[in-house]
Amino acid sequence: DGGITQSPKYLFRKEGQNVTLSCEQNLNHDAMYWYRQDPGQGLRLIYYSQIVNDFQKGDIAEGYSVSREKKESFPLTVTSAQKNPTAFYLCASSPPVRDTQYFGPGTRLTVL
Amino acid sequence: ELKVEQNPLFLSMQEGKNYTIYCNYSTTSDRLYWYRQDPGKSLESLFVLLSNGAVKQEGRLMASLDTKARLSTLHITAAVHDLSATYFCAVDSGETSGSRLTFGEGTQLTVNP
């Protein structure tokens, strides 16, 4: 089955720790995205990548980092510089032609 | 900066009734998407609207796009409880490859028996 997987589903972080969220897709999509969703709000773009070894900052990139070494994978690191990281994180991908984005199941991050 | 506004943000309606959700956006775009999100879940794509005057229908939901007015509507016909969810519109910023979307805040729909 083609799709997007994210792991872990739930993640707990102590203050001062860096954590990495995994996103993998087997849809052969070139573009991948990371969004953050806070309770009762819409999605905000953190980073996106349109091709391997290239990525751009979104609207709220501060305190986050990404890499895109493989087409299938786009991991997100939440660094200690992100002061309020508790949120629901969604990964998405889309084909080269401007089309809808397909979303993974999400990772819920909580800072203890 | 592209801004996307939805209204209403909260909608409580009775089964069998009709209603419309509105999505306004601030800059020119020819692509708009509607998504559904159930509580605690991810987003599911509902409609892709690619040009002025586009209309798409699926079951009790119908979406339309007026690029001149920078307005999209999601019309609900004869609502049923299963339609209870949060609905988001998202506007494409117009980059040539891939897509960069700006989302509205979402409309939380509750359909009561």
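Predicted model only: the values in this text are computed from it and were never measured. Letters A, B, ... are given to chains in the order of the sequence lines, protein chains preceding strands, and every chain is numbered from 1. When reading the values below, keep in mind they use all heavy atoms of this one structure, side chains included, and skip hydrogens, waters and symmetry mates.
- Scanning residues 101-112 of chain A against chain B with a 4.5 Å heavy-atom cutoff picks out A/Gln101, A/Phe103, A/Gly104, A/Pro105, A/Arg108, ordered by number.
- Residues A/Trp34 and B/Phe103 do not share a hydrophobic cluster, clusters being chains of Ile/Leu/Val/Met/Phe/Trp/Tyr side chains in contact below 4.5 Å.
- In this structure, the portions of A/Leu43 lying under 4.5 Å from any heavy atom of chain B include both its backbone and its side chain.
- Cluster annotation: B/Leu49 and B/Met62 are assigned to distinct hydrophobic clusters (Ile/Leu/Val/Met/Phe/Trp/Tyr, side-chain heavy-atom contacts under 4.5 Å, transitive).
- With a threshold of 4.5 angstrom between heavy atoms, A/Gln37 approaches chain B through side-chain atoms but not through N, CA, C or O.
- Counting heavy-atom neighbours within 6.0 Å of A/Ile51 CD1, excluding the residue itself, gives a total of 12 or less.
- Taking a 6.0 Å sphere around OH of B/Tyr22, one finds it holds 12 or fewer heavy atoms contributed by other residues, nucleotides or ligands.
- Side-chain contact check for B/Leu101 versus A/Tyr35: some heavy-atom pair is nearer than 4.5 Å.
- More than 12 heavy atoms of other residues, nucleotides or ligands lie within 6.0 Å of CD in A/Glu72, so this atom counts as buried by the packing criterion.
- Tracing side-chain contacts under 4.5 Å through hydrophobic residues (I, L, V, M, F, W, Y), one reaches A/Leu90 starting from A/Tyr33; they form part of the same cluster.
- Neither the backbone nor the side chain of B/Phe47 comes within contact range of chain A; no heavy atoms are under 4.5 Å apart.
- Under the 4.5 Å side-chain heavy-atom criterion for grouping Ile, Leu, Val, Met, Phe, Trp and Tyr, A/Val78 is connected to A/Phe55 within one hydrophobic cluster.
- Remark: A/Gln41 CD to B/Leu9 CG distance equals 11.0 Å, nearest 0.5 Å.
- In the hydrophobic clustering of this structure, A/Tyr64 groups with A/Met32; members are Ile, Leu, Val, Met, Phe, Trp, Tyr whose side-chain heavy atoms approach within less than 4.5 Å, directly or through other members.
- Here the closest non-hydrogen pair linking B/Tyr35 and A/Thr100 is OH-OG1, 2.9 Å.
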